[in-house]
Chemist: 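Dumping the structure here so I can ask a few things about it.
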Amino acid sequence: MWSIVGELRLYTQLRMWWLTNPENSSRANANMVLVTGVPEKLVKDEGRLADIFDVLPGGVRQVIVSRESKELAAAVKKRDGLAARLEKMLTAYALKCTKLSDRAAAKGTHYVAPGHPRLRAGVWGKRVDAFEYLASEIAMCNHFIAQCAKTRHEFKPQSAALVLFNQQIAAHLAAQAVIDYKPLSMGRVSTNVDPQD
């Protein structure tokens, strides 16, 4: 029994140290909560959602409602795949150039850089420079993603929201408060949520 009490004391001390540590408390996720099960009327009105939490110490800095966009997710996935492919090709090209340069130096001859790899643009397209083609495809994906970011309020809202508070204590109070009287409505609140998630 005493070992359990001792472990709980140690856990409480470590948790308190971590929560009050300036390295942790200055990060955005220390002041952020994820609220799930948000009713539709509140999801559509971010200001009203902010007013619910604004009574907590320090108030609310920002409310971000999760939105559904399959096209945006597909564009990000495509861009990441193209970037990985381009990085792999550039690495292979750099290794090939280094190997040829070392051989030329060993033989005492002049080094000539090999040509860039080529690939087909599309299924039946003509062969083009792989680096230029992949870079242009990545740029097109980035442009589409930027356009989606500008029109994000047109996407269908989901029943989850991130609330960023001005003070860390407000985030922990929000996690422990009963936010809505309806069952399963705004029931789960998670603290220390990373904004990238």
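What's counted below: heavy atoms across the whole structure, side chains too, no hydrogens, waters or symmetry copies.
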Chemist: Listed by chain and number, what are the side chain to side chain contact (heavy atoms under 4.5 Å, CB included) partners of Glu87, not counting sequence neighbours?
Modeler: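 Scan of Glu87 (side chain to side chain contact (heavy atoms under 4.5 Å, CB included), adjacent residues dropped) gives Thr91.
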
Chemist: Drop me the distance from Arg67's CZ to Gln158's CD, to the nearest 0.5 angstrom.
Modeler: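 Interatomic distance, Arg67 CZ to Gln158 CD, rounded to 0.5 Å: 9.5 Å.
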
Chemist: Could you tell me which non-hydrogen atom of Ala161 sits nearest to which non-hydrogen atom of Leu49, and how far apart they are?
Modeler: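 Of all heavy-atom pairs spanning Ala161 and Leu49, the closest is CB-CD2, 3.6 Å.
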
Chemist: Please list all pairs passing the side-chain hydrogen bond (donor to acceptor under 3.5 Å, both in side chains) test where one or both residues lie in residues 98-118, with sequence neighbours left out.
Modeler: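 Only His116-Asp129 qualify under side-chain hydrogen bond (donor to acceptor under 3.5 Å, both in side chains).
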
Chemist: Other hydrophobic cluster members with Val5, side-chain heavy atoms of Ile/Leu/Val/Met/Phe/Trp/Tyr under 4.5 Å, chained?
Modeler: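 Under the 4.5 Å side-chain rule, Val5 groups with nothing.
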
Chemist: Could you give me the CA-CA distance, side-chain angles and deciding distance for Leu162 and Val63, then say whether side-chain contact (heavy atoms from CB on, under 4.5 Å) is met?
Modeler: CA-CA 6 Å; Leu162 287 170; Val63 174; over 6 Å; no

Chemist: Among all residues two or more places apart in sequence or in another chain, which pass the side chain to side chain contact (heavy atoms under 4.5 Å, CB included) test with Ser159?
Modeler: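 Ser159 satisfies side chain to side chain contact (heavy atoms under 4.5 Å, CB included) with no residue once adjacent residues are dropped.
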
Chemist: With sequence neighbours excluded, what pairs up with Arg48 under the side chain to side chain donor-acceptor pair (under 3.5 Å) test?
Modeler: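 Result, side chain to side chain donor-acceptor pair (under 3.5 Å) vs Arg48: none returned.
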
Chemist: Side chains of Ile145 and Leu72, heavy atoms from C-beta outward: is any pair under 4.5 Å?
Modeler: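 Touching, per the 4.5 Å side-chain cut-off.
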
Chemist: Got a sec, which pairs hit salt bridge (Lys or Arg N to Asp or Glu O under 4.0 Å) with one end in residues 154-170, sequence neighbours left out?
Modeler: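 Listed by first then second residue: nothing to list.
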
Chemist: With a 3.5 Å distance limit and no angle check, can you tell me whether Asp54 reaches the backbone of Gly59 through a side-chain donor-acceptor pair?
Modeler: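 Between the backbone of Gly59 and the side chain of Asp54 there is no qualifying donor-acceptor contact (under 3.5 Å).
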
Chemist: Output all residues satisfying side chain to side chain contact (heavy atoms under 4.5 Å, CB included) with Val55, sequence neighbours left out; order by chain, then residue number.
Modeler: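 Side chain to side chain contact (heavy atoms under 4.5 Å, CB included) check on Val55 returns nothing, list empty.
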
Chemist: With distance as the sole test, does Arg79 use its side chain to make a donor-acceptor pair with the main-chain N or O of Cys141 at under 3.5 Å?
Modeler: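 Pair absent, no side-chain N/O of Arg79 close to backbone of Cys141.
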
Chemist: Pairs in or reaching into residues 132-148: which pass salt bridge (Lys or Arg N to Asp or Glu O under 4.0 Å), with residues at least two apart or in two chains?
Modeler: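 Pairs touching residues 132-148 that pass the test: Lys78-Glu137.
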
Chemist: Running the 4.5 Å side-chain criterion over Ile, Leu, Val, Met, Phe, Trp and Tyr, what cluster does Leu10 land in, apart from itself?
Modeler: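 Hydrophobic cluster check, Leu10: joined to Leu14.
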
Chemist: Kindly write out the residues that satisfy salt bridge (charged side-chain N to carboxylate O under 4.0 Å, His left out) with Lys77, not counting sequence neighbours, or none if the list is empty.
Modeler: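 Lys77 satisfies salt bridge (charged side-chain N to carboxylate O under 4.0 Å, His left out) with no residue once adjacent residues are dropped.
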
Chemist: Where is the tightest heavy-atom contact between Phe165 and Ala171, given as atom of each residue plus distance?
Modeler: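 Distance-wise, the nearest heavy atoms are CD1-CA, 3.6 Å.
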
Chemist: Within a strict 4.5 Å, meaning less than it, do heavy atoms of the Pro157 and Ser66 side chains meet?
Modeler: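 Not in contact.
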
Chemist: Any donor-acceptor pair under 3.5 Å linking the side chain of Asn31 with the backbone of Leu164?
Modeler: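 Side chain of Asn31 to backbone of Leu164: no pair is present.
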
Chemist: In chain order, what residues pass the side chain to side chain contact (heavy atoms under 4.5 Å, CB included) check against Ile169, with sequence neighbours excluded?
Modeler: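 Applying side chain to side chain contact (heavy atoms under 4.5 Å, CB included) to Ile169 gives Pro57, Gln167, Leu173.
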
Chemist: In Å and rounded to the nearest 0.5 Å, what is the CD to CD distance from Glu71 to Gln147?
Modeler: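 Reported value, rounded in 0.5 Å steps: 14.0 Å.
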
Chemist: Share the residues that join Met89 in a hydrophobic cluster, the rule being Ile, Leu, Val, Met, Phe, Trp or Tyr side chains under 4.5 Å apart at the heavy-atom level.
Modeler: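 Hydrophobic cluster check, Met89: joined to Leu82, Leu86, Leu90, Tyr93, Leu119, Val128, Phe131, Tyr133, Leu134, Ile138.
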
